Amino acid sequence: MTDPRLDALLHAAPALRLKTDPADLEHYGRDWTRRWTPAPLAVALPATVEEVQAVVRWANGHGIAVVPSGGRTGLSGGAVAAHGELVLSLERMNQALDFNAVDRTLTVQAGMPLEAVHNAARKHGLVYPVDFAARGSCSIGGNIATNAGGIRVIRYGNTREWIAGLKLVTGTGELLELNRGLIKNSSGYDLRHLVIASEGTLGIVVEATLRLTDPPPPTNVMLLALPSFDVLMEVFGAFRARLQLEAFEFFTDRALHHVLAHGAQKPFDDVHPYYVVTEFAIGDEAKEAAAMAAFEDCMEHGWVSDGVISQSDAQAAQLWRLREGITEALARYKPYKNDVSVRISAMPAFLAETQALLGQAYPHFDVVWFGHIGDGNLHINVLKPDDVGDADFVVQCEQVTKLLAEALKRHQGSISAEHGIGLVKKGYLESTRSAEEIAVMRGIKQVLDPNGLMNPGKLFDT
Ligand code: FAD
Ligand code: MLT
Ligand code: ZN
C-alpha cells in the first residue's frame, strides 16, 4: 500500500483484506442505480466482528467515511461510495452461526445472502419468509438496513417483523447486542428497531438473529388479466375476502412487454392493459372452490377478462417470472424508479390522482407500473429514451417526483416504501417525515455516530 492511511489500517487490523484495484473500486463503489461514478478510497473485507470494530476505530482516527456494503442490489444509492469513502463489505461474513430449534431462530453473519438464509432455514424444516427477486445477491444486513419488503409482505410483513435480535458496531466502534432474540422485552427503547431501515447511517450490522416459521401450506398461483386500473382494488377485495393470500402483485402491459422481450413466455393470446399475479393457499376442496368463486365473481363483474391458474410448480414459476423478471428486464433502460406507498384504504384515490398526474407529466416517456399493490406499494419506473442524456433524464424525472411527493403528502403516504431513501430520495424525505421527526433522527445519529462517518450523505445530510 502506498497510502499511509491504508498502511495505518493494516497496522490496526493486520489480517484485514483490502482491495484497491480500480476494477474493485468500481465494482464495490456502486449499487444497482448506476447513477453515480464510484470513487472509494479502498474496499475493506473484514472476516470478524473485531476487524469491523478495528476498521471503524481507524476511520474515526483518520476522519474517513465508511460505506457499509452488502450485495449492492440497492435501488436508492445507499451503498454508493463516490467521495473517497472506505467501502466496508460484509461479503466474507456470510455464515450461519447458530440454529435454535426451541426458539426457532437462525443466527447469521450480516453478509449472508438472502437465498442462503432461505436454504439454511429449509434444512431445519422451517422458512425465513421475506423474499424477492434479488434473493441470490442481496445480503441479510442490507435487508435489515433497508427494512426490505418484497413479494410476501401481504402475508408475512417486512424484514422488521423477522429480526429477533442484531449486533451493531456503532459509529465509534462499540459493539451493541440488541434484543438478544427475546420475544418479550419491555426494558426501554428497542434500539434494534432504530437500526432496521437506518441504511448504514448508525453503524454496521454484523450479525442478526432471525425468526423462522412453518413452511406455507400448498399454494396455487393465478395470473389475472384486468380491463382497467379502476378495478384493481375491487379484484384485490374479492380475492382477499375469500382466500389466504400469500402474494398479490400487479403489473401493466408495458411491464409484460419488456419481460417478454427479455425471454419470458406469453401468458395470453390477447393483450390486456393490466395483470395481477396472486398466490394463495389451497389444499382442500373448500379452498379450491373459494378460489374459483373469487375468479367467477370478478369475471361476472367485468373486473377480470381472463385468467390462468398454475397446474404445476414449473407453471407457477413461469407465471411468477412475468412479475419477478421486471426489474432485470428494465435495467438496460436505466429506469428512474419511484417506490411509493399509501394505506390500502387510500389506494383507490391515490391511484386515480397519480395516473392523471403522470399521464400529463410523462406523455413522451415509457412509464412502467408494477408493484405490491396488496401492501399499498407501487413501483413506477420511467424508462430513459436512448436519445435523452442521463443527467437531463434525471432532471426531467425529478420535476415529476416533486409533484408525486406532494400527492403523497396529501394522501399521507411514503416516498420510499421498501427501497430506502439513500441518495435517490434524499431530497424528498420531507414529504414523508416532519421536520421534527428528521431533527430527532439527526439527534439519534449524533449519539451513535458522533463524527458523522457512517454512510454520510445518505438518508439526510447532517
Ligand atoms: P446494499 O445495496 O449493499 O445496501 C443497501 C443499504 O444498506 C445501503 O445503505 C448500505 O450502506 C446498507 N447496508 C448494507 N449492509 C449493511 C450492514 N451490514 N450494516 C449496515 N448497513 C448496511 N427491495 C425490496 O424491498 N423489495 C423487493 O421486492 C426488491 N426487489 C428487488 C429486485 C431486484 C432484481 C433488485 C436488483 C433489487 C430489489 N430490491 C428489493 C432492492 C434491494 O435488493 C434491497 O434493498 C436489499 O435489501 C438490499 O440488500 P443488499 O445487501 O444488496 O444491500
Ligand atoms: C420489485 O418489487 O420488483 C422490486 O422492488 C424491484 C423494483 O422495484 O425494481
Ligand atoms: Zn418491490
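Computed over heavy atoms, backbone and side chain alike; hydrogens, waters and symmetry mates excluded. Note that the coordinates shown come from a computational prediction; the quantities given were computed from them, not determined experimentally. Start at 1 and go down the list; that is how both ligands and their atoms are numbered.
For Asp461, the salt bridge (charged side-chain N to carboxylate O under 4.0 Å, His left out) partners at least two apart in sequence or on another chain are Lys426.
The aromatic rings of His272 and Phe268 sit perpendicular, their planes meeting at an angle over 60°, well past the 30° parallel limit.
Between Ile421, Thr146, Leu90, it is Thr146 that holds the heavy atom closest to atom 45 (O) of ligand 1. Between Gly142, Ser76, Cys138, it is Gly142 that holds the heavy atom closest to atom 14 (C) of ligand 1. Of the listed options Thr159, Val205, Asn455, Val205 places a heavy atom closest to atom 18 (N) of ligand 1.
Considering backbone and side-chain atoms alike, Gly203 places every N or O at 3.5 Å or more from each N or O of ligand 1.
Sequence neighbours left out, the pairs with a member in residues 34-84 that pass ring-ring contact (aromatic ring centres under 6.0 Å, His included) are Trp58-His62.
A side-chain N or O of Arg122 and one of Asn119 form a donor-acceptor pair less than 3.5 Å apart. One side chain, His258 or Asp366, offers a donor N or O that lies under 3.5 Å from an acceptor on the other.
For Phe250 and Phe229, the ring centers sit closer than 6.0 Å to each other.
A salt bridge is absent between Lys402 and Glu406: the closest approach of a Lys/Arg side-chain nitrogen to an acidic carboxylate oxygen does not fall below 4.0 angstrom.
Residues lining ligand 2 at a heavy-atom distance below 4.0 Å are given as Leu75, Arg323, Thr327, Lys337, Phe370, His372, His379, Glu418, His419, ordered by chain and residue number.
Only protein N, O or S atoms were scored, and 3 of them lie under 2.8 Å from the Zn ion (ligand 3).
With a heavy-atom cut-off of 4.0 Å, His372 touches ligand 1 through its side chain alone.
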